[in-house]
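Accompanying notes for the structure given below.
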Amino acid sequence: MQESSPAGRVEELRELLRKYDYSYYVLDDPQVADFEYDRLYAELKRLEEEHSELTTPDSPTRRVGGRPLEGFAQVAHGEPMLSLDNSYSEEELIEFDRRIARGLGEEGPFDYVAELKFDGLGVSLRYENGVFVQGATRGDGRTGEDVTANLRTVRSLPLKLKGENLSPPLPGLLEVRGEVYMTRSGLERVNAQRREAGEPEFANPRNSAAGSLRLLDSSLTAKRPLKLFIYQLLGAGWPGARPRFYSHSQVLSWLKEAGFPVNPNWCSCVGIKQVIGYCRRWAELREELDYNIDGVVVKLDHLDLRERLGRTSKAPRWAMAYKFAAEQARTRLLAIEIQVGRTGALTPTARLEPVFLAGTTVSNATLHNEDEIERKDIRVGDWVWIEKGGDIIPKVTAVDLKARPADSQPYRMPDSCPVCGSRAVREPGEVVRRCSNAACPAQVKERIRHFTSRGAMDIEGAGPALVDQVVEKDLVRDVAGLYTLNKEELAGLERMGEKSAENLLAGIEDSKRRGAARLLFAL
DNA sequence: AGAAGAGTTT
DNA sequence: AGACCCTAGA
DNA sequence: TCTAGGGTCTAAACTCTTCT
């Protein structure tokens with residue numbers, strides 16, 4: 001290779017390394033031996049050091065850079081990151097199809113795109129003139145955290161997009177959404193190293209991916225085997241006079257051409273029957289993948305039809321997630337514990353003999369309410385079946401009656417509050433039983449907790465333990481009491497040093513700048 | 001060094 | 001992120 | 001009578017900061 005100038009050679013090397021990165025990390029198809037790649041990388045690094053004027057943020061050498069962050073900045077999403085409606089059966093998919101026909105006033109069959117539903121964490125990425133400039137977590141859907149430095153280390157994330165021969169061409173500003181995940185083999189590899197180093201192992205790919213993205217030191221993130229799939233382009237097809245895209249399948253092809261890692265297993269389907277076939281197929285094949293999926297995402301393909309259907313406040317009407325059947329486990333129900341919420345509602349939860357299920361050790365589960373326990377005749381001492389709703393929240397689904405102890409008794413909900421002893425009343429027509437004492441410490445604490453929570457006044461440093469103490473010590477009787485706390489009072493609390501007290505008071509001060517809407521919700 | 005507590009994610 | 005319940009409105 | 005929307009519950013893993 002004959003280089004004309006350092007600048008030319010640098011650009012040549014970058015192009016080459018980008019190409020090799022893409023083959024290796026996106027296509028899983030290495031084009032060169034490691035030592036050849038390392039040689040080119042070293043040469044580029046040397047040239048960039050010798051000619052510092054040539055360094056650019058989209059160079060393959062710049063995936064890790066700089067010092068650890070102090071914290072993550074907040075990023076407002078241009079469009080909210082919504083969730084999807086869920087379905088758990090083929091009947092529900094057929095109902096979804098009917099709802100679309102009704103909504104559009106048209107007969108099917110409709111064109112759908114079926115994709116795998118990855119089990120990772122959602123991210124939103126921004127590109128300016130084809131260069132990756134910012135990446136954020138989902139957060140509450142409206143505002144997330146700026147994890148750009150960590151995302152830069154994800155090798156399948158293109159720092160620079162391929163602009164040539166793209167039709168339509170790359171826009172100046174571009175935002176895409178996708179899922180960061182860790183492969184099963186990647187997790188094994190990391191855990192082998194951690195075992196070796198005497199460090200605790202990670203429990204499952206999803207949580208290790210989520211944790212890895214929250215490291216303040218991106219050089220550590222770089223050592224975690226994170227990967228990425230992109231599945232959404234924002235604003236595709238509108239606004240603007242002429243739609244640039246007509247269908248989601250066209251968008252997916254375009255994303256791939258632009259250099260994004262698009263999962264190859266998506267499928268165009270004509271009619272819901274073909275979608276169901278796809279779901280059945282992947283319920284079987286999922287075990288063969290090196291990454292976890294928890295279902296299938298079904299989307300109407302044509303963008304103009306999507307626009308006509310619109311969305312509800314929490315999810316688009318033109319898409320549906322189909323969730324695979326959840327794993328189950330059998331364990332012993334040790335006790336039923338009653339928790340008292342901020343509205344006084346008594347909610348039963350199950351204490352379980354710990355059991356490993358779908359990547360976590362489960363020792364608690366929700367029992368929803370009194371009627372639910374009665375319906376399923378759940379008793380303390382029973383062997384019960386549990387599963388995780390949406391792979392997240394454990395719940396008791398059934399009792400193994402054959403294993404029931406002979407002396408077991410039906411469960412009776414207490415008619416007094418377990419915290420303050422006041423009468424717990426269930427109003428006619430109501431499902432929940434409530435503690436009748438508005439001054440009940442549990443209710444007071446929960447009201448204050450709600451007030452300080454993110455989404456409400458977002459007061460940093462006011463967690464459950466702090467609220468517990470200030471209420472117990474009678475320093476705070478209602479939310480207004482938070483604003484009269486002072487350093488001397490705080491100094492008397494457990495685990496409350498100078499730094500913590502300062503941080504909390506700063507958090508309280510900061511909360512005074514929240515808007516009226518937030519205040520209203522907080523109360 | 002180790003643990004508690006808070007915050008964030010699914 | 002799911003399940004459930006209640007309310008309001010078609 | 002159905003359903004969209006809002007509210008209120010629930011569990012576990014992980015990282016970071018601060019305290020002991």
Side-chain angles (χ1 to χ4, degrees), chain A residues 68-72 83-86 88 99 118-123 137-141 144-145 147 150 179-181 200-217 220-221 224 292 294 311-315 317 321 323 326 337 339-350 352 354 356-369 371-372 386-396 429-432 446 449-450 452-455 458-469 493-504 507 521:
Chain A
L69 302 171
E70 294 287 320
F72 301 115
S83 49
L84 294 176
D85 280 330
N86 289 312
Y88 298 90
R99 211 160 47 235
F118 316 110
D119 193 9
L121 65 158
V123 289
T137 60
R138 183 179 185 285
D140 62 5
E145 287 182 317
V147 287
N150 286 338
E179 196 93 352
V180 169
Y181 67 98
E201 292 180 42
F202 291 127
N204 60 63
R206 187 212 292 137
N207 288 107
S208 27
S212 301
L213 222 46
R214 300 197 57 73
L215 290 160
L216 291 174
D217 183 348
L220 297 178
T221 308
R224 306 280 175 88
N292 287 347
D294 60 351
R311 63 178 205 214
T312 70
S313 69
K314 50 179 89 159
R317 277 191 252 269
K323 295 291 194 95
E337 192 166 294
Q339 293 171 213
V340 184
R342 80 177 158 109
T343 57
L346 269 51
T347 41
T349 58
L352 305 167
F356 193 76
L357 172 64
T360 67
T361 302
V362 174
S363 34
N364 302 292
T366 173
L367 291 168
H368 297 306
N369 56 51
D371 289 356
E372 185 81 3
I386 59 171
E387 66 177 49
K388 294 201 234 165
D391 269 6
I392 308 287
I393 309 283
K395 59 176 181 181
V396 173
E430 289 257 295
V431 171
V432 292
E446 288 305 311
R449 260 310 292 154
H450 172 73
T452 64
S453 68
R454 179 170 83 156
D458 197 12
I459 298 178
E460 281 179 59
L466 182 278
V467 171
D468 207 79
Q469 285 194 73
L493 302 178
E494 296 274 310
R495 289 192 71 80
M496 179 57 70
E498 183 127 4
K499 188 75 181 161
S500 295
E502 273 171 24
N503 289 348
L504 174 60
F521 172 75

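Everything quoted here is computed from the prediction, not taken from an experiment. Convention: sequence-line order gives letters A, B, ...; per-chain numbering from 1.
- Put simply, CG on A/L504 is 10 Å from P on B/dA6, counting in whole angstrom units.
- Nucleic acid contact class of A/V432 (heavy atoms, under 4.0 Å, all strands): none.
- Side-chain proximity of A/T361 to B/dA6, C/dA3, D/dA13: nearest is D/dA13.
- Atom CG of A/D85 and atom P of C/dG2 are 10 Å apart (whole Å).
- Contact annotation: A/T360 does not reach the phosphate of D/dA13 (side-chain N/O to OP1 or OP2, under 4.0 Å).
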Protein-nucleotides 16-20 of chain D N/O pairs closer than 3.5 Å?
{"unit_1": "D/dC16", "atom_1": "OP1", "unit_2": "A/L216", "atom_2": "N", "d": "2.7"}
{"unit_1": "D/dT18", "atom_1": "OP1", "unit_2": "A/N503", "atom_2": "ND2", "d": "2.9"}
{"unit_1": "D/dT18", "atom_1": "O3'", "unit_2": "A/S500", "atom_2": "OG", "d": "2.7"}
{"unit_1": "D/dC19", "atom_1": "OP1", "unit_2": "A/G497", "atom_2": "N", "d": "2.9"}
{"unit_1": "D/dC19", "atom_1": "OP1", "unit_2": "A/G497", "atom_2": "O", "d": "3.2"}
{"unit_1": "D/dC19", "atom_1": "OP1", "unit_2": "A/E498", "atom_2": "N", "d": "3.4"}
{"unit_1": "D/dC19", "atom_1": "OP1", "unit_2": "A/K499", "atom_2": "N", "d": "3.3"}
{"unit_1": "D/dC19", "atom_1": "OP1", "unit_2": "A/S500", "atom_2": "N", "d": "3.0"}
{"unit_1": "D/dC19", "atom_1": "OP1", "unit_2": "A/S500", "atom_2": "OG", "d": "3.2"}
{"unit_1": "D/dC19", "atom_1": "O2", "unit_2": "A/R495", "atom_2": "NH2", "d": "3.3"}
{"unit_1": "D/dT20", "atom_1": "OP1", "unit_2": "A/R495", "atom_2": "N", "d": "3.3"}

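- Among the heavy atoms of the strands, none lies under 4.0 Å from A/L367.
- Mapping A/D371 and A/I392 onto DNA chain C by nearest heavy atom places A/I392 closer to the 5' end of the strand.
- The closest side-chain heavy-atom distance from A/L367 to A/T349 is not below 4.5 Å.
- Each of B/dT8, C/dC6, B/dA6 was ranked by its minimum atom distance to the side chain of A/V431; first place goes to C/dC6.
- Summarising the geometry, the separation between CZ on A/F356 and P on D/dA11 is reported as 18 Å, rounded to the nearest angstrom.
- Remark: C1' of D/dA13 and CG of A/N292 are 15 Å apart, rounded to the nearest angstrom.
- For D/dT10, one of the phosphate oxygens OP1 or OP2 lies less than 4.0 angstrom from a side-chain nitrogen or oxygen of A/T347.
- Residue contacts shown for A/R317 are absent, as no nucleic acid heavy atom lies under 4.0 Å away.
- Here the side chains of A/T312 and A/R317 are in contact, with some heavy-atom distance below 4.5 Å.
- The side chain of A/K323 contributes an N or O atom lying less than 4.0 Å from OP1 or OP2 of C/dG2.
- Other residues, nucleotides and ligands contribute only 12 or fewer heavy atoms inside 6.0 Å of the CD atom of A/E460.
- Counted within 6.0 Å of CD on A/E201, heavy atoms from surrounding residues, nucleotides or ligands total more than 12; the atom is thus considered enclosed.
- Between the CG atom of A/L357 and the C1' atom of D/dA11 there is a distance of 11 Å, rounded to whole Å.
- Spacing between atom NE2 of A/H450 and atom P of D/dT10 amounts to 14 Å, rounded to whole angstrom units.
- Across all strands shown, A/Y88 has heavy atoms under 4.0 Å from sugar-phosphate atoms exclusively, and none from any base.
- At a threshold of 4.0 angstrom between heavy atoms, the contacts of A/L84 with the nucleic acid are absent.
- Side-chain N or O atoms of A/T137 include one that pairs as donor or acceptor with a backbone N or O of A/E145 at under 3.5 Å.
- Of the candidate nucleotides D/dC9, C/dC4, B/dT8, D/dC9 has the atom nearest to the side chain of A/T343.
- With A/R449 contributing its side chain and A/A462 its backbone, the two residues share a donor-acceptor pair below 3.5 Å.
- Following rounding to the nearest Å, A/E446 (CD) and D/dC9 (C1') show an atom-to-atom distance of 10 Å.
- With hydrogens and angles disregarded, no donor-acceptor distance shorter than 3.5 Å links the side chain of A/E446 to the backbone of A/V340.
- Side-chain nitrogen and oxygen atoms of A/T349 include none within less than 4.0 Å of the OP1 or OP2 phosphate oxygen of D/dC9.
- Using a 4.0 Å heavy-atom cutoff across all strands shown, A/G71 reaches no nucleic acid atom at all.
- Checking the phosphate oxygens (OP1, OP2) of D/dT10, a side-chain nitrogen or oxygen of A/Q339 falls inside 4.0 Å.
- DNA chain C is contacted by both A/I393 and A/E372; A/I393 maps to the nucleotide lying nearer its 5′ end (nearest heavy atom per residue).
- As judged by a 4.0 angstrom heavy-atom cut-off over every strand, A/S212 is placed among residues making no nucleic acid contact.
- Heavy atoms of A/G359 sit nowhere under 4.0 angstrom from any nucleic acid atom.
- Side-chain N or O atoms of A/N369 include none that pairs as donor or acceptor with a backbone N or O of A/V432 at under 3.5 Å.
- Per the geometry, CG belonging to A/N369 stands 10 Å off C1' belonging to D/dC9, to the nearest Å.
- Between the A/T366 side chain and the A/H368 main chain, a donor and an acceptor come within less than 3.5 Å of each other.
- One N or O on the side chain of A/K388 and one on the backbone of A/L357 form a donor-acceptor pair closer than 3.5 Å.
- Applying the 4.0 Å criterion to OP1 and OP2 of D/dA12, one finds that A/S363 has a side-chain N or O inside that range.
- The shortest distance between the side-chain N/O atoms of A/R99 and the OP1/OP2 oxygens of D/dC2 is not below 4.0 Å.
- In this structure, A/A203 reaches the sugar-phosphate backbone alone: every heavy-atom distance under 4.0 Å involves primed, P, OP1 or OP2 atoms, never a base.
- Residue A/N207 places none of its side-chain N or O atoms closer than 4.0 Å to OP1 or OP2 of D/dA12.
- Side-chain proximity of A/E460 to the nucleotides B/dG7, B/dT8, D/dA11 is greatest for B/dG7.
- Dashed line: the shortest gap from a side-chain N or O of A/T312 to OP1 or OP2 of D/dG5 is under 4.0 Å.
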